[in-house]
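So the structure is just underneath, and the comments pick up after that.
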Number of protein chains: 2
Amino acid sequence: MDLPLEDTGLRVDRSTKTLRERTVERLRDAILNFQFKAGERLVERTLCDRLGVSRTVVREALRHLEAEGLVEILPQQGPAVARPDTSQAAQVYEIRALLEAEAARAAAANADEADVARLVDANRAIQAAFAEGTSRDVLKATTEFYELLFTIAGKSVAWQLVQGLNARINYLRAMTISRPNRSADAGAEMVRIIEAIARRDGKAAAKASFEHVETVKRLAVSMLEDVSLLRTGP
Amino acid sequence: MDLPLEDTGLRVDRSTKTLRERTVERLRDAILNFQFKAGERLVERTLCDRLGVSRTVVREALRHLEAEGLVEILPQQGPAVARPDTSQAAQVYEIRALLEAEAARAAAANADEADVARLVDANRAIQAAFAEGTSRDVLKATTEFYELLFTIAGKSVAWQLVQGLNARINYLRAMTISRPNRSADAGAEMVRIIEAIARRDGKAAAKASFEHVETVKRLAVSMLEDVSLLRTGP
DNA sequence: TGCCGTATTACGGTATCCCATAATACCGTT
DNA sequence: AACGGTATTATGGGATACCGTAATACGGCA
């Protein structure tokens with residue numbers, strides 16, 4: 001089993017990602033950071049210039065993002081930034097509630113002291129971002145917290161799904177975050193989750209996690225209703 | 001708000017799918033129907049000949065399927081049929097259990113008499129496929145049953161996720177189906193789900209649905225263990 | 001038999017080319 | 001000035017041809 005040559009330190013770096021992969025990442029990042037408006041057309045030749053790659057690469061990247069749901073191809077028009085589907089947003093939150101609750105339950109079963117400490121740190125980072133960062137920073141810190149939670153839980157597949165779901169409601173997440181008082185409330189909700197995990201109380205962790213998402217869902221739905229009221233007139 | 005011209009019936013048909021879309025479907029179908037072996041290399045130019053389209057189209061289709069998880073791009077080699085990840089299979093079943101249980105619960109709340117009748121029909125189709133069809137037929141009938149369930153439940157997003165998950169464990173589904181006695185057991189499990197829905201008993205429907213997936217999961221995991229035992233020798 | 005060098009294969013990527021069509025600008029007529 | 005039709009442009013869908021490079025197959029030589 002053991003090789004005479006250790007794997008560590010001597011390996012040739014094969015990780016040079018392809019241009020296409022890096023293009024996908026760049027575009028995904030740009031979309032998730034609102035560098036394009038929702039519904040904005042993504043003109044291939046323009047992207048070629050701005051990204052410095054050929055049209056082939058851009059097109060393949062767009063196909064990938066289309067499958068992820070971040071880009072939609074409008075018939076007879078071409079690729080555009082996917083417009084958020086408000087009718088599906090509530091469903092997304094409901095699914096997240098299920099998955100995150102299960103993750104919290106499993107994390108409570110698996111976590112050791114070091115894991116709990118890491119969760120506490122990650123939550124502190126969220127609070128710090130709330131205090132002095134942009135909503136993007138909060139989003140990033142929150143993502144890292146949940147990545148940690150799902151990792152501790154050993155739920156890699158669920159985490160992939162959650163990331164895909166979050167991408168679809170990214171704009172809503174940013175909106176709910178910049179809501180007044182959201183910082184304190186969210187902090188308290190997170191603390192309840194962490195404390196339950198620290199107590200190894202899976203049931204309570206699942207419940208706290210579920211309720212946290214339900215809260216955010218209600219917030220998001222009410223904001224959506226406000227927006228649609230605005231549109232149809234006062 | 002009302003247009004002088006009704007939307008219905010007069011619309012111009014814009015649904016002519018692009019070559020790329022049809023190529024994606026063809027390839028996806030071929031993979032899910034085991035026309036390629038797992039891990040088999042998908043040589044672009046060969047596919048061009050066999051599909052009768054240009055490399056541009058084939059490559060974009062492969063990128064799309066890569067994002068779906070059906071195709072993996074091997075470094076320094078190129079595209080290949082994704083090899084099933086046995087370590088993730090259990091997770092996939094667990095997530096399905098959650099989502100399908102929720103769908104069953106919601107379906108129990110929403111279903112009217114006609115819906116229940118449709119579910120009964122769909123289950124009959126599954127049994128018919130078990131009796132006189134191939135495992136592919138069973139897979140197809142089962143998919144239709146669940147599509148119906150999720151539609152009644154109004155859970156379109158969850159259904160999308162489940163379809164994506166099922167694609168990743170397609171081979172396992174086919175294996176568990178061709179297991180002896182699976183027909184009768186599965187039939188009984190489905191009947192319990194349907195009866196609970198007919199009684200409008202959401203809790204029981206969720207429970208029956210959850211347990212059904214748990215059963216299949218145990219079956220799949222034990223089959224995976226058998227296979228890996230075979231590989232390491234008796 | 002074992003090894004080495006070469007030929008082949010195939011991908012990632014680029015650059016063009018063509019065609020169909022949607023949107024827009026333009027222009028002449030009434 | 002308003003309308004109707006036409007020319008232009010922008011853009012995507014799709015097809016080729018080509019290059020450099022890495023993996024692999026092969027064939028000859030020791």
Side-chain angles (χ1 to χ4, degrees), chain A residues 10-28 30-31 36-83, chain B residues 4-5 10-28 30-31 36-83:
Chain A
L10 199 54
R11 308 188 74 93
V12 176
D13 181 26
R14 295 242 146 185
S15 66
T16 325
K17 290 190 184 158
T18 64
L19 209 49
R20 173 168 37 85
E21 287 173 291
R22 281 177 291 162
T23 304
V24 168
E25 285 166 16
R26 265 239 169 351
L27 279 175
R28 180 170 35 220
I31 294 173
F36 299 103
K37 284 183 291 189
E40 181 176 345
R41 285 276 285 97
L42 295 170
V43 178
E44 293 174 1
R45 287 163 173 97
T46 311
L47 290 179
C48 292
D49 292 343
R50 291 183 48 183
L51 293 162
V53 297
S54 77
R55 217 180 135 204
T56 309
V57 172
V58 167
R59 286 179 60 169
E60 290 181 12
L62 289 173
R63 300 318 163 204
H64 192 106
L65 293 170
E66 180 199 6
E68 282 184 24
L70 285 179
V71 164
E72 58 185 340
I73 274 69
L74 307 174
Q76 269 78 45
Q77 291 197 63
V81 178
R83 286 158 310 189
Chain B
L5 231 52
L10 198 54
R11 307 191 75 90
V12 177
D13 180 26
R14 298 242 146 178
S15 66
T16 325
K17 290 190 185 159
T18 64
L19 210 48
R20 173 168 35 87
E21 286 173 290
R22 281 178 289 162
T23 304
V24 168
E25 284 166 18
R26 268 242 169 350
L27 281 175
R28 181 172 32 220
I31 293 173
F36 299 102
K37 282 183 294 191
E40 181 176 344
R41 286 275 284 99
L42 295 169
V43 178
E44 293 174 359
R45 283 158 173 102
T46 311
L47 291 178
C48 292
D49 292 344
R50 291 182 48 183
L51 293 163
V53 297
S54 77
R55 221 181 132 205
T56 309
V57 171
V58 167
R59 285 178 60 169
E60 291 181 15
L62 288 173
R63 300 320 163 202
H64 192 106
L65 292 171
E66 181 200 4
E68 281 185 26
L70 285 179
V71 165
E72 58 184 338
I73 275 69
L74 307 175
Q76 268 76 46
Q77 293 196 64
V81 178
R83 286 158 311 189

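Worth saying up front: this structure is predicted, and the values here are computed from it rather than measured. In what follows, every chain begins at residue 1, and chains take the letters A, B, ... in the order their sequences are listed.
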### Message
Can you tell me if Arg55(B) has over 12 outside heavy atoms packed within less than 6.0 Å of its CZ?
### Response
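Yes, the 6.0 Å shell around CZ holds more than 12 heavy atoms from other groups.
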### Query
How about Arg28(A): does its CZ atom have over 12 heavy atoms from other parts shown lying under 6.0 Å from it?
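Yes, because the 6.0 Å sphere around CZ of Arg28(A) holds more than 12 heavy atoms from other groups.
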Atom-pair distance ([atom1] on [X]; [atom2] on [N]), nearest Å:
X: Glu44(A); N: dT16(C); atom1: CD; atom2: P; value: 17 Å
X: Asp49(A); N: dT11(D); atom1: CG; atom2: C1'; value: 14 Å
X: Leu42(B); N: dC11(C); atom1: CG; atom2: P; value: 9 Å
X: Leu19(A); N: dT21(D); atom1: CG; atom2: C1'; value: 15 Å
X: Arg45(A); N: dG13(D); atom1: CZ; atom2: P; value: 10 Å
X: Lys17(B); N: dG13(D); atom1: NZ; atom2: C1'; value: 17 Å

Just checking [X]: base, sugar-phosphate only, or nothing, at a heavy-atom cut-off of under 4.0 Å?
X: Arg41(A); result: sugar-phosphate
X: Arg20(A); result: sugar-phosphate
X: Arg55(B); result: base
X: Leu62(A); result: nothing

### Message
Could you check whether any side-chain N or O of Glu68(A) sits under 3.5 Å from a backbone N or O of Ala67(B), counting only pairs where one atom can act as donor and the other as acceptor?
### Response
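The answer is no, because no donor-acceptor pair under 3.5 Å joins these two groups.
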### Message
Tell me if a side-chain donor or acceptor on Arg83(B) pairs with a main-chain N or O of Glu72(B) at a distance below 3.5 Å.
### Response
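No.
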### Task
Could you please name the option among dG12(C), dG13(C), dG13(D) that lies closest to any side-chain atom of Val57(A)?
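Closest nucleotide among those given: dG13(C).
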### Task
Just compare dG12(C), dA15(C), dA15(D) and give me whichever is closest to any side-chain atom of Ser54(B).
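The listed nucleotide nearest to Ser54(B)'s side chain is dA15(D).
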### Query
Under a 4.5 Å cut-off applied to non-hydrogen side-chain atoms, are Arg20(B) and Thr23(B) in contact?
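Of all side-chain heavy-atom pairs linking Thr23(B) with Arg20(B), none is under 4.5 Å.
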### Task
Using a 4.5 Å cut-off on heavy atoms from C-beta on, say whether the side chain of Leu65(B) contacts that of Leu42(B).
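Contact flag for Leu42(B)/Leu65(B) side chains = no.
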### Sub-4.0 Å heavy-atom contacts from residues 64-82 of chain B onto DNA chain D, ordered by number
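Gln76(B), Gln77(B), in order of number.
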#### Entry: Contact nearer the 5' end of DNA chain C, comparing Gly52(A) with Thr46(B)
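Per heavy-atom nearest nucleotide, the more 5' residue is Thr46(B).
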### Task
Would you please test His64(A) and Glu60(A) for side chain to side chain donor-acceptor pair (under 3.5 Å) and show each step?
CA-CA 6 Å; His64(A) 192 106; Glu60(A) 290 181 12; over 6 Å; no
### Query
If you take atom types as modelled and just measure distance, does the side chain of Thr56(B) reach the base of dA15(D) with a donor-acceptor pair under 3.5 Å?
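Side chain to base: pair present.
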### Message
Does dG13(C) have its OP1 or OP2 closer than 4.0 Å to a side-chain nitrogen or oxygen of Arg59(A)?
### Response
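False: Arg59(A) side-chain N/O out of range (4.0 Å or more) of dG13(C) OP1/OP2.
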